[in-house]
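These notes are about the structure you will find just below.
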Amino acid sequence: MDYEVIKKPESKEIKPAPNLGDYEKARREVKWVDVATDLDWFGDGKINIAYEAVDRHIHSHRKNKLAFVWEGKDGTIEKYSFYELSRASNKFANVLLTLGVEKGDRVFIFLERVPELFISALGTLKIGAIIGPLFSAFGPDAVKDRLLDSGSKVLITSPQLKSKIEDILEDLPDLERIVIVNRDGEEVELGDKGVNYEEEMTEASEDFDIVKTDKDDYAIMHYTSGTTGKPKGVVHAHEAVVGHYATSKYVLDLQENDIYWCTADPGWVTGTSYGMFGPWSNGVTQIIYEGGFNAKKWYHIIENYRVTVWYTAPTAIRMLMKFGDELPKKFDMRSLRYACSVGEPLNPEAVIWGETAIGIPFHDNWWQTETGCQMIANYPVQDIKPGSMGRPFPGIYPAILDDSYKELPPGSEGHLALKAGWPSMFRTYWNKEDMYNSRFQDGWYITGDKAKMDEDGYFWFVGRADDVINTAGHLVGPFEVESSLIEHPAVAEAGVIGKPDPIVMEVIKAFVSLKEGYTPSDELKHDIQKFVKKKLSSAAYPREIEFLDSLPKTRSGKIMRRLLKARELGLPEGDTSTLEE
Ligand code: ATP
Ligand code: MG
């Protein structure tokens, strides 16, 4: 692509000095076993995520440091120090014990982004049970699928959210107790399974002997985003915190005095790996905002809390772009020193927009629910090639493989695979052991994404293996076409699919939403087509364009191309439990 490289700053110019000063050296020398020794391991080789993230700090200078500042949708502010978070989660661990919850049981959390979500997640980990955070926006069927599949014993929810799923509660044979967090103090009907969170917490002791779990004991369950099919229950073990810790330190560059804001909800893996365990295991203060996307509010949060490091997603960045370059200029964003993005390919346009509109470029990084932590990333001390996901995290060995799992040379497109065996690698797909095993070949974990690596070792995303388009003998990655579409001044978002065609196998069809002030017309269609043809090639331009008000997305903000395709072809829509309204 015709984007200029964003040259790395001289490392002495970066203030504060980045944690990863010499990328090449780290790649040569760093070993996971050495990184792991930064954590406590209880001094005896056992490890519990909640201990590494929170409890260990209360024996240090960080005892009274703020773990988080929470701002509710209504403007309420609550603050928790590491000490307070440790005590509150101890209490919740005791509550779970009285409910008969044991190590290995599944405890699912269906709450808004309120402090109790974080407290109950940590408390659950402390007794060695497995957490399963769910998006509060989920409807009854999405909740039911996940509770049934996981055999969850306890559900933690609020009166409002419980009333949304009342009808499914009878259909869950494994569900024994429903803990109700009643922040508004309204009158609630507990029912026979119900437990009053506030009452139990008042009575519970603040002292708890955290369960010393083994590194391989299961800790976290996340259902994947459902972009390519029915969500899978990805299971992570306590050792994952080694990956959360290391990448938060070297990719997010989190440092002692940072004020860090991750916009992801814990219903998505980014909201736990980097909205809880990564930053907290580094002892860093987080901002947690209960509300969703709102351009003005978001800029205000950065200004108001003096946010220094910001982690968000391409869909949010594209929405901010839609609101224009002038809006961020009305806020004081000078506190921001570093910004990262994950979840979908980050269009080069968006990387550059960061530089011009908010003063720093977005650093893209690539990973999956299955990988547990960032695998390929851009770093403060490396040049950014806009549109590239960056280079491997030290200790991670990705490669591009052909269909028989042989490594391909630089420049070739193929399956993105990772040498199996890093600390936060998933341990299974719940109830789908065969599917889990099928993802490993010859010592590689096959990610399901297609990519290529250039001569400098930068990785470039091509598309989901299923989404790559075969048109007139050319393989075209949807990302490339989408990126060039959104460079057109009228285009806000684009999703591209291959549509079966008797002659050329597939034709490229683009679904496009427009920026404010533009209206759909045939003329605009032709203009966009001409624009892309000029940028890419005559093979890669979308033969068909359809305008939509907005594109169907998952809760984690990913464009659901499979849904666009199913609708286009009149096929069944498949699992839509993660579809955003
Ligand atoms: P499902 O597995 O249910 O289809 P999903 O793969 O979208 O859903 P996640 O684990 O949340 O679920 O997302 C991981 C995927 O997101 C990656 O495999 C990749 O396709 C995409 N992705 C994440 N970050 C990036 C990135 N920086 N660039 C390109 N793609 C990315
Ligand atoms: Mg996936």
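In each ligand, atom 1 is the first atom listed, and ligand 1 is the first ligand listed. All values below were derived from every heavy atom in this structure, side-chain atoms included, with hydrogens, water molecules and symmetry-related copies excluded.
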Exercise for the section: Examine the proximity of ligand 1 to D449 and report which part, side chain or backbone, both or neither, has a heavy atom under 4.0 Å away. Expected result: side chain
Practice task
Report yes or no: does a heavy atom of Y223 sit under 4.0 Å from some atom of ligand 1?
Solution key: no
Handout entry: salt bridge (Lys or Arg N to Asp or Glu O under 4.0 Å) involving R439 - partner list, sequence neighbours excluded
Key = E370
Exercise for the section: Kindly indicate whether the side chain of L475, heavy atoms from C-beta on, has any atom under 4.5 Å from the side chain of N470. Expected result: yes
Exercise for the section: Quick one: look up the protein heavy atom nearest atom 5 (P) of ligand 1 and list residue, atom name and how far away it is. Expected result: T227 OG1, 3.4 Å
Practice task
Can you sort out which atoms of ligand 1 are near W268, meaning under 4.0 Å from one of its heavy atoms?
Solution key: 11 (O)
Exercise for the section: Would you mind telling me if ligand 1 is within reach of the side chain of N365, the backbone, both or neither, using heavy atoms under 4.0 Å? Expected result: backbone
Fill in the blank from the handout: shortest atom 11 (O) of ligand 1-to-protein heavy-atom contact is with S225 OG, 2.7 Å
Problem - Within-4.5 Å side-chain heavy-atom neighbours: T157 and V143 - result: no
Handout entry: G226 to ligand 1, any heavy atom closer than 4.0 Å
Key = yes
Exercise for the section: Taking the side chain as every heavy atom from C-beta outward, state whether N347 and R318 have any atom pair closer than 4.5 Å. Expected result: yes
Practice task
Consider every N or O of G343 and every N or O of ligand 1, then say whether any pair is closer than 3.5 Å.
Solution key: yes
Practice task
Distance to 0.1 Å, residue and atom name: give those for the protein heavy atom nearest to atom 6 (O) of ligand 1.
Solution key: R464 NH1, 2.8 Å
Problem - Pair Y274 + Y260: ring centers closer than 6.0 Å - result: no
Exercise for the section: For atom 26 (C) of ligand 1, find the nearest protein heavy atom and state the residue, atom name and distance (0.1 Å precision). Expected result: E344 O, 3.3 Å
Practice task
Determine whether the side chain, the backbone, both or neither of W366 has a heavy atom under 4.0 Å from any heavy atom of ligand 1.
Solution key: both
Exercise for the section: Identify the residue among Y458, F461, W367 that makes a side-chain contact (heavy atoms from CB on, under 4.5 Å) with M389. Expected result: F461
Completion exercise
Among non-hydrogen protein atoms, atom 4 (O) of ligand 1 lies closest to T228 OG1, 2.4 Å
Practice task
Could you tell me whether K232 approaches ligand 1 through its side chain, its backbone, both or neither, with non-hydrogen atoms closer than 4.0 Å?
Solution key: side chain
Handout entry: D258 and R337 ion-paired at < 4.0 Å
Key = yes
Exercise for the section: Name the orientation class of the two ring planes belonging to F118 and W280 (parallel below 30°, tilted from 30 to 60°, perpendicular beyond 60°). Expected result: perpendicular
Problem - ring-ring contact (aromatic ring centres under 6.0 Å, His included) partners of F135, counting only residues at least two apart - result: F138
Handout entry: Residue and atom name of the nearest protein heavy atom (relative to atom 10 (O) of ligand 1), distance in Å to one decimal
Key = T369 OG1, 2.5 Å
Handout entry: Ring center gap for W430 and Y223 short of 6.0 angstrom
Key = no
Handout entry: Proximity flag W367 to ligand 1, non-hydrogen atoms under 4.0 Å
Key = yes
Handout entry: Close approach, G448 and ligand 1, non-hydrogen under 4.0 angstrom
Key = no
Handout entry: Short N or O distance, K230 and ligand 1, threshold 3.5 Å exclusive
Key = no
Completion exercise
Under 4.0 Å between heavy atoms, the region of D364 that gets near ligand 1 turns out to be side chain
Fill in the blank from the handout: Taking only non-hydrogen atoms of V342 and a 4.0 Å limit, the atoms of ligand 1 in range are 24 (N)
Exercise for the section: Could you tell me the residue and atom name of the protein heavy atom closest to atom 29 (C) of ligand 1, and the distance to it rounded to 0.1 Å? Expected result: P345 N, 3.2 Å
Handout entry: Spacing of CG belonging to L155 relative to CG belonging to D174, to within rounding of 0.5 Å
Key = 13.0 Å
Problem - Residue and atom name of the nearest protein heavy atom (relative to atom 13 (O) of ligand 1), distance in Å to one decimal - result: K558 NZ, 2.6 Å
Handout entry: Geometric class of the W261/W310 ring pair [parallel <30°, tilted 30-60°, perpendicular >60°]
Key = parallel
Practice task
Kindly state whether the ring of W444 and the ring of Y397 have centres lying under 6.0 angstrom apart.
Solution key: no
